[in-house]
*Asks:* 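Mind looking over this structure? Questions follow.
Counting from 1, the numbers follow the sequence of the chain as shown. Side chains included, hydrogens not; waters and symmetry mates left out as well; all remaining heavy atoms used.
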Amino acid sequence: MNFAFTDDQLALAAAVRQVLAAHCPAEAVRNGRSPAWSQLAEIGLFGLLVPQEHDGLGLGLVDAVLPFEETGRAALPGPVAETAVAAPLLLAGDPALGKLAAGSLRVSVRIGDQAYAPDADLADLLIVEREGVPYAVRPEAARLTPQSGVDRTRPLFGVEFRDATRLRTEVAPAVRAVTVAVAAQLVGAARHLLDTTVGYARTRRQFGAPIGSFQAVKHRLAEVAIAVEFAAPLVYAAALAVDRRLPTVDRDVSAAKAAAGEAAELAAGTALQVHGAIGYTGELDLGLWLARVWSLSAAYGGPGLHRSRLRTAILGTPEVRRWP
């Protein structure tokens, strides 16, 4: 399959990268909850999937996949995937889509395999699935319970609500789309970790030589590079399957999330191994990306869950063997 992106798609990704370079440095990730939000709204990130009649761009997930790689590369905090990808599908036809496209409506969701809602304390609207039905919940009608998590820049919350509006949309398309968006973020985070680790390996010296010259380090970094390059096309294929509503869409989404999560976890583990104990300290920014990878890898189903779904999709439900 040909995954050559158009000039417009590449230009949009480049614009997102420039905005994040200027407005979302590591310090902003550490100390801010939603840096670069208004700047990203200005270039249309939150209106990508919003129909044109609601002041959006009316594009598809394929157009969003590279920009979301860039948000992962920058470890951009805030409910970005939930607002830009899940919400346009869950709020289909709602007048609130105009605010969504303008970046003035932040949305957190608890749908699919999510037990908790990320960044719910920042949200102007919560969308919570209950028994397969999505409900729109205003913040004042919700009770948020903070949950422990590995990534303090992506806090999780339990959500209880006393009053809500039932939405007339299906949850499954939004779950598929946001899962692919998060997979793209994982690919971007893995690329950043790989670049950072390669740079460190070139300058850190032991036994009179850069550690990047050691065969074991070279092999480990090569494994990460291969994993990322194999995962990225699966994410692109899943975005295409979502846009075209292909019959293989669930299989493709699971393949993308599993591969992206595994590649990012490998990149995180390798980065920590190569950097050594300094990787845990606040002296480096490495910990921001490590925590984000571990958080996003578990979001909307971890690699193990999606590998199981992929195996079932390909091989069918395994026969239950009874012991004598």
Side-chain angles (χ1 to χ4, degrees), residues 1-3 5 49 60-66 68-69 71-72 81-82 85-86 89-90 109-116 118 129 132 134 150-151 154 170-191 193-194 222-270 292-321:
M1 189 177 291
N2 182 8
F3 288 118
F5 289 95
L49 305 188
L61 190 59
V62 168
D63 302 289
V65 71
L66 289 183
F68 268 88
E69 272 194 30
T71 67
E82 290 74 19
V85 177
L89 299 174
L90 293 167
V109 304
R110 193 192 71 194
I111 57 176
D113 298 305
Q114 290 285 89
Y116 306 115
E129 178 185 356
V150 67
D151 186 356
R154 187 178 180 269
E170 295 183 5
V171 174
V175 173
R176 295 185 189 110
V178 74
T179 301
V180 174
V182 169
Q185 289 181 311
L186 284 164
V187 169
R191 293 191 194 280
L193 285 169
L194 179 59
E223 289 175 357
V224 175
I226 291 170
V228 173
E229 292 309 314
F230 271 89
L234 291 175
V235 176
Y236 307 154
L240 189 66
V242 169
D243 283 346
R244 297 185 178 180
R245 301 178 184 178
L246 299 181
T248 60
V249 62
D250 289 324
R251 184 197 70 188
D252 294 337
V253 170
S254 285
K257 185 57 164 60
E262 290 166 354
E265 288 180 3
L266 180 62
T270 300
R292 184 57 52 84
V293 163
W294 295 328
S295 175
L296 292 182
S297 182
Y300 303 102
L305 175 63
H306 283 288
R307 283 292 175 197
S308 176
R309 290 176 176 172
L310 183 60
R311 182 168 56 250
T312 299
I314 295 173
L315 302 177
T317 303
E319 180 181 354
V320 177
R321 305 184 73 179

*Asks:* Taking all non-hydrogen atoms of both residues, which atom of Ala81 and which atom of Val182 are closest, and how far apart?
*Replies:* CB-CG2, 4.3 Å
*Asks:* Between Asp252 and Arg244, does at least one N-O distance fall below 4.0 Å, as a salt bridge requires?
*Replies:* no
*Asks:* Which residues satisfy the side-chain hydrogen bond (donor to acceptor under 3.5 Å, both in side chains) test with Thr179, sequence neighbours excluded?
*Replies:* none
*Asks:* Kindly write out the residues that satisfy side-chain hydrogen bond (donor to acceptor under 3.5 Å, both in side chains) with Asp63, not counting sequence neighbours, or none if the list is empty.
*Replies:* Gln9
*Asks:* Looking at every non-hydrogen atom in both residues, tell me the closest pair between Val224 and Ala267 and how far apart they are.
*Replies:* CG1-CB, 3.6 Å
*Asks:* Could you tell me whether Glu229 and Arg191 have a side-chain N and a carboxylate O separated by less than 4.0 Å?
*Replies:* yes
*Asks:* Who pairs with Arg110 by salt bridge (Lys or Arg N to Asp or Glu O under 4.0 Å), at least two apart in sequence or on another chain?
*Replies:* none
*Asks:* Looking only at non-hydrogen atoms, find the nearest pair between Val187 and Ala232 and report the distance.
*Replies:* CG1-CB, 4.2 Å
*Asks:* Taking the side chain as C-beta and beyond, is there a heavy-atom pair between Tyr236 and Leu66 under 4.5 Å?
*Replies:* yes
*Asks:* Check whether His306 reaches the backbone of Tyr300 with its side chain - one donor and one acceptor, N or O, closer than 3.5 Å.
*Replies:* yes
*Asks:* What are the two closest non-hydrogen atoms of Ala86 and Val109, and how far apart are they?
*Replies:* CB-CG1, 4.3 Å
*Asks:* Among Leu89, Leu90, Ile111, which residue meets the side-chain contact (heavy atoms from CB on, under 4.5 Å) test with Pro134?
*Replies:* Leu90
*Asks:* Ignoring hydrogens, what is the shortest heavy-atom contact between Ala259 and Leu234? Give both atom names and the distance.
*Replies:* CB-CD1, 3.6 Å
*Asks:* With sequence neighbours left out, what residues match Gln114 under side-chain hydrogen bond (donor to acceptor under 3.5 Å, both in side chains)?
*Replies:* none
*Asks:* Is the shortest heavy-atom distance from the side chain of Ser308 to the side chain of Arg311 under 4.5 Å?
*Replies:* yes
*Asks:* Just to verify, what does Glu262 make a salt bridge (Lys or Arg N to Asp or Glu O under 4.0 Å) with, not counting sequence neighbours?
*Replies:* Arg307
*Asks:* Return the minimal non-hydrogen interatomic distance between Ala189 and Val293, and the atom names on each side.
*Replies:* CB-CG2, 3.8 Å
*Asks:* Can you name the residues that form a side-chain hydrogen bond (donor to acceptor under 3.5 Å, both in side chains) with Arg154, not counting sequence neighbours?
*Replies:* Ser295
*Asks:* Taking Ala299's backbone N and O only, do any of them form a donor-acceptor pair with Lys257's side chain (distance below 3.5 Å, no angle check)?
*Replies:* yes
*Asks:* I'd like to know whether CD of Glu223 has more than 12 heavy-atom contacts from other residues, nucleotides or ligands below 6.0 angstrom.
*Replies:* yes
*Asks:* With distance as the sole test, does Thr270 use its side chain to make a donor-acceptor pair with the main-chain N or O of Leu266 at under 3.5 Å?
*Replies:* yes
*Asks:* How long is the span from the CD atom in Glu129 to the CG atom in Asp113, to the nearest 0.5 Å?
*Replies:* 9.0 Å
*Asks:* Nearest 0.5 Å, what's the CG-CG distance between Leu305 and Leu310?
*Replies:* 11.0 Å
*Asks:* After noting the C-alpha distance and the side-chain angles of Asp250 and Arg176, does the key distance pass the salt bridge (Lys or Arg N to Asp or Glu O under 4.0 Å) rule?
*Replies:* CA-CA 7 Å; Asp250 289 324; Arg176 295 185 189 110; 2.6 Å; yes
